[in-house]
**Q** 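I'd like to ask you about the structure that follows.
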Amino acid sequence: MMRRSSHLGIAVCALLLTAPLGAQVTYERILRAEEEPGNWLTYNRTYDSRHHSPLDEINRENAGDLELKWVFQARSLEKFESTALAVDGVIYNVQMPNDVVALDAVTGRKFWQYTHVLTETVNVCCGRINRGLAILGETLYMGTIDGKLVALDAKTGAVIFSKQIVDPSGGYSLTHAPLVVKDKLIVGSAGGEYGIRGFIAALDPKNGDELWRFNTIPGPGEPGHETWSGDSWKRGGGSIWLTGSYDPELNLTYWGVGNPAPDWNGDVRPGDNLYSDSVVALNPDTGELEWYFQFTPHDEWDWDAVQVPVLVDREWEGKPRKLMLWANRNGFFYVLDRATGEFLHGKNFVKVTWAKGLDENGRPIKIPEASPTREGVRVWPAVQGGTNWYSPAYSEKTGLFYVSSWEYSSIYHKGDPLYTRGNRYVGSLPQGVWPNTMKDEDEQQGHGAIRALSPDTGDLEWEFKMTGVGESGILSTAGDILITGTMDGYMLVLDSFTGKKLLSLNLGGKIACSPITFTAQGKQYLAVTSGNAMFVFGLR
């Protein structure tokens, strides 16, 4: 809990000089982002969320020649989880929790900074963080942990408007980067540990007005309401805290939905608890649900389906098909038809002991003894999951799906949940939240790995095993490299075909953001955030 004085946000303009600010980022530019490999115009770079860049100046032959070009040191002690935007020679990023900075992409010089002063008392589950920005026209958009949508002039940082979207006193917050689709901003509310009722909404970029809303926890009269007992839907969770994907040909936007509330005790919410732990496919014009797929019905382990939906067009059983690749927190890798939601294939990519497997429809075949108990039961994967929110990657060049995976277990306990508005609503807490606190039957410490999976089979093609774990996203490039990081501060560059380590640099702080790559003045750069600083590298 925290208290901050009630002031308006402040924009500080500094060192504008001849800054190349003011480029128009239209929806059409984002739609054709593949034609602008030197820019990073939206959270996942492209609407298909593959986290792959066509840039190849930095490649597996010269990755060892990378050198530090500049560093931005944030004036914040909060952990970085934001992914920067790179727009025509300018880097826009968020200094935690909700300060926006504009930097020269070549030198790191600060053009301006907007400082957001929280006006509410805010409870958040997992740090005072933000995961990024959206840009449309000459306006930047940010959701804040005190529930506002803030619109800023990208040239100066001046506030265009600030609108209250959710009520932080009820446990609601905004933490993810908005998604621009046509003339709308799509956002969702975080706060699943506080007994919120989650939703996804489209907002008007001109003023923040709500244009439509889809409730991720359906109420009376809405399809799926029958999967909740009594009035448990009123505080059912189903938060949104990671940016979705979009298929313009199908005109569908895809969003992963968080855990049901309360965590770790499902007794008070019998049923499948839709649409928690699901991917939902929505019409972005109307918010209507086209289809859904639930990964973990009646989740008792806190395995949000808040991962990045990766959209891939490739052959499936000899025919072209629009696919969705999804490595889920519950430990299974899924292939879905993204036009219909049909389950095509699933296989565990880490050790799984809560289910025997998946049936022909992709529903898990649960093991009853794996449900949390008063005494505690040990289950793989652990509460952080086989993976989590950090971005996977896909390369058409290799045909492989890359995911940061965690191999370890937790002991899950069941307690008595008590709902008090604005406070945590959970049924106990698990033991073994981090890998170094638990060992397996062979006394092996938990660990992380970058794993390359075949989308056709889910089979492991190669892995790069870590001594610790990684909480960084993965960036793939046409230079046949992957860039990622570890919690103990190592930036890693790997060969995307083999997993061979090409470079390892200790940057001194936890890496918990997705690296990006961009060009400025004709040269390729890599940006990696470590601890409270953003490091930008280029070739010697």
Side-chain angles (χ1 to χ4, degrees), residues 51 60 63-64 66 303 307-308 310 325-333 347-353 378-395 398-410 432-455 457-477 480-515 526 528 530:
H51 269 256
R60 60 180 172 181
L66 284 172
W303 290 330
Q307 291 84 50
V308 174
V310 177
L325 310 181
W326 196 298
N328 194 267
R329 187 168 170 174
N330 69 13
F332 287 97
F333 170 72
K347 183 177 182 179
N348 63 296
F349 66 97
V350 295
K351 183 177 179 178
V352 168
T353 65
R378 189 172 190 177
V379 175
W380 279 261
V383 67
Q384 291 293 320
T387 189
N388 208 293
W389 64 274
Y390 12 96
S391 301
Y394 173 81
S395 169
T398 66
L400 297 176
F401 178 87
Y402 305 100
V403 60
S404 182
S405 60
W406 290 27
E407 284 281 8
Y408 79 116
S409 62
S410 287
V433 176
W434 301 108
N436 60 4
T437 62
M438 299 292 288
K439 294 182 179 181
D440 64 20
E441 295 99 330
D442 299 321
E443 292 301 306
Q444 297 295 311
Q445 204 81 53
H447 68 276
I450 303 300
R451 290 183 169 156
L453 306 180
S454 164
T457 63
D459 291 346
L460 179 67
E461 297 294 321
W462 59 256
E463 76 169 349
F464 177 82
K465 187 176 178 179
M466 304 174 182
T467 53
V469 292
E471 208 172 27
S472 163
I474 302 171
L475 169 64
S476 165
T477 82
D480 301 330
I481 56 174
L482 305 177
I483 302 94
T484 188
T486 69
M487 288 184 68
D488 50 0
Y490 284 91
M491 180 184 84
L492 300 172
V493 182
L494 308 178
D495 185 309
S496 59
F497 281 89
T498 66
K500 178 184 176 182
K501 182 172 66 178
L502 303 174
L503 182 66
S504 175
L505 293 174
N506 195 313
L507 304 183
K510 175 181 176 180
I511 299 175
C513 307
S514 295
L526 299 175
V528 179
S530 173

**Q** At their closest point, which heavy atom of F332 faces which heavy atom of N348, and how far apart are they?
**A**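 It is CD2-N, 3.4 Å.
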
**Q** If the condition is ring-ring contact (aromatic ring centres under 6.0 Å, His included), which residues does F349 pass it with, not counting sequence neighbours?
**A**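 Counting only residues at least two positions away or on another chain, F349 forms no ring-ring contact (aromatic ring centres under 6.0 Å, His included).
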
**Q** Which pair of non-hydrogen atoms, one from S409 and one from A382, has the smallest distance, and what is that distance?
**A**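 Smallest heavy-atom distance, with atoms named: C-CB, 3.4 Å.
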
**Q** Does G473 offer a backbone N or O that forms a donor-acceptor pair with the side chain of T484 under 3.5 Å?
**A**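 Such a contact is found between T484 side chain and G473 backbone.
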
**Q** Under the side-chain hydrogen bond (donor to acceptor under 3.5 Å, both in side chains) test, which residues partner T398, sequence neighbours left out?
**A**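 By the side-chain hydrogen bond (donor to acceptor under 3.5 Å, both in side chains) rule, T398 matches Y402.
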
**Q** Hey, does the side chain of T486 reach the backbone of V469 with a donor-acceptor pair shorter than 3.5 angstrom?
**A**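 A pair under 3.5 Å: no.
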
**Q** With sequence neighbours excluded, tell me which residues meet ring-ring contact (aromatic ring centres under 6.0 Å, His included) with F401.
**A**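 With neighbours one apart ignored, the set is F333.
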
**Q** Can you run down the salt bridge (charged side-chain N to carboxylate O under 4.0 Å, His left out) pairs that involve residues 460-475, sequence neighbours left out, and say none if there aren't any?
**A**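 Those involving residues 460-475 are R451-E463, E471-K510.
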
**Q** How long is the straight-line distance from NZ of K347 back to OG1 of T457, given to the nearest 0.5 Å?
**A**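 It is 6.0 Å, given to the nearest 0.5 Å.
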
**Q** Measure from the side-chain N and O atoms of S530 to the backbone N and O of G509, and report whether any donor-acceptor pair falls under 3.5 Å.
**A**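 Indeed, once roles are kept as given, a pair shorter than 3.5 Å links the two residues.
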
**Q** Walk me through whether Q384 and Y408 qualify under side-chain contact (heavy atoms from CB on, under 4.5 Å).
**A** CA-CA 9 Å; Q384 291 293 320; Y408 79 116; 3.2 Å; yes

**Q** Mind checking the CD1-CG spacing from I511 to D488? Nearest 0.5 Å is all I need.
**A**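 Reported to 0.5 Å precision, the distance equals 8.5 Å.
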
**Q** Between L492 and S504, which heavy-atom pair has the shortest distance, and what is it?
**A**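 Between these two residues, the closest heavy atoms are CD2-OG, 3.7 Å.
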
**Q** Can a donor-acceptor pair be found, under 3.5 Å and without considering hydrogens, that links the side chain of W406 to the backbone of G470?
**A**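 Here the side-chain-to-backbone pair exists.
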
**Q** With N506, which residues qualify under side chain to side chain contact (heavy atoms under 4.5 Å, CB included), at least two apart?
**A**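 N506 satisfies side chain to side chain contact (heavy atoms under 4.5 Å, CB included) with Y490 only.
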
**Q** Using the test salt bridge (charged side-chain N to carboxylate O under 4.0 Å, His left out), find all partners of D480 that sit at least two apart in sequence or belong to another chain.
**A**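 With neighbours one apart ignored, the set is R60, K397.
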
**Q** Measure from the side-chain N and O atoms of D495 to the backbone N and O of F497, and report whether any donor-acceptor pair falls under 3.5 Å.
**A**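 Yes, D495 side chain to F497 backbone: donor-acceptor pair under 3.5 Å.
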
**Q** Enter the distance from M487:CE to S472:OG here, rounded to the nearest 0.5 Å.
**A**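 It is 11.5 Å, given to the nearest 0.5 Å.
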
**Q** Side chains of N328 and Q307: donor-acceptor distance under 3.5 Å anywhere?
**A**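 Yes, Q307 and N328 have a side-chain donor paired with an acceptor closer than 3.5 Å.
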
**Q** Using side-chain contact (heavy atoms from CB on, under 4.5 Å), reason through L460 and L453 one step at a time and then give a plain yes or no.
**A** CA-CA 5 Å; L460 179 67; L453 306 180; 4.1 Å; yes

**Q** To the closest 0.5 Å, what do you measure between OH (Y394) and CD1 (I474)?
**A**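 The CD1 atom of I474 is 15.0 Å from OH of Y394, to the nearest 0.5 Å.
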
**Q** Determine yes or no for a side-chain-to-main-chain donor-acceptor pair under 3.5 angstrom, with T353 supplying the side chain and W380 the backbone.
**A**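 Looks like yes, one N/O pair under 3.5 Å.
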
**Q** Answer with yes or no whether the side chains of S391 and S514 bring together a donor and an acceptor at under 3.5 Å.
**A**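 Yes, a side-chain donor-acceptor pair sits under 3.5 Å.
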
**Q** Would you give the length of the straight line joining atom CZ of R329 to atom OG1 of T387, rounded to the nearest 0.5 angstrom?
**A**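 If we round to the nearest 0.5 Å, R329:CZ and T387:OG1 are 9.5 Å apart.
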
**Q** Which atom names give the shortest non-hydrogen contact between V352 and P381, and what distance separates them?
**A**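 Minimum heavy-atom separation between V352 and P381: CG2-CD, 4.3 Å.
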
**Q** Tell me whether S405 contacts the main-chain N or O of G386 through its side chain, where contact means a donor paired with an acceptor under 3.5 Å.
**A**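 Side chain of S405 to backbone of G386, a donor-acceptor pair under 3.5 Å: no, none is there.
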
**Q** From L494 CG over to S476 OG, what is the distance, rounded to the nearest 0.5 angstrom?
**A**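 Here the interatomic distance stands at 11.0 Å.
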
**Q** Please report the shortest heavy-atom distance between I481 and S496, naming the atom on each side.
**A**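 Where I481 meets S496 most closely, the heavy atoms are N-OG, 3.8 Å.
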
**Q** Do you know the tightest heavy-atom contact between W462 and L400?
**A**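 So the two residues come closest at NE1-CD1, 4.0 Å.
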
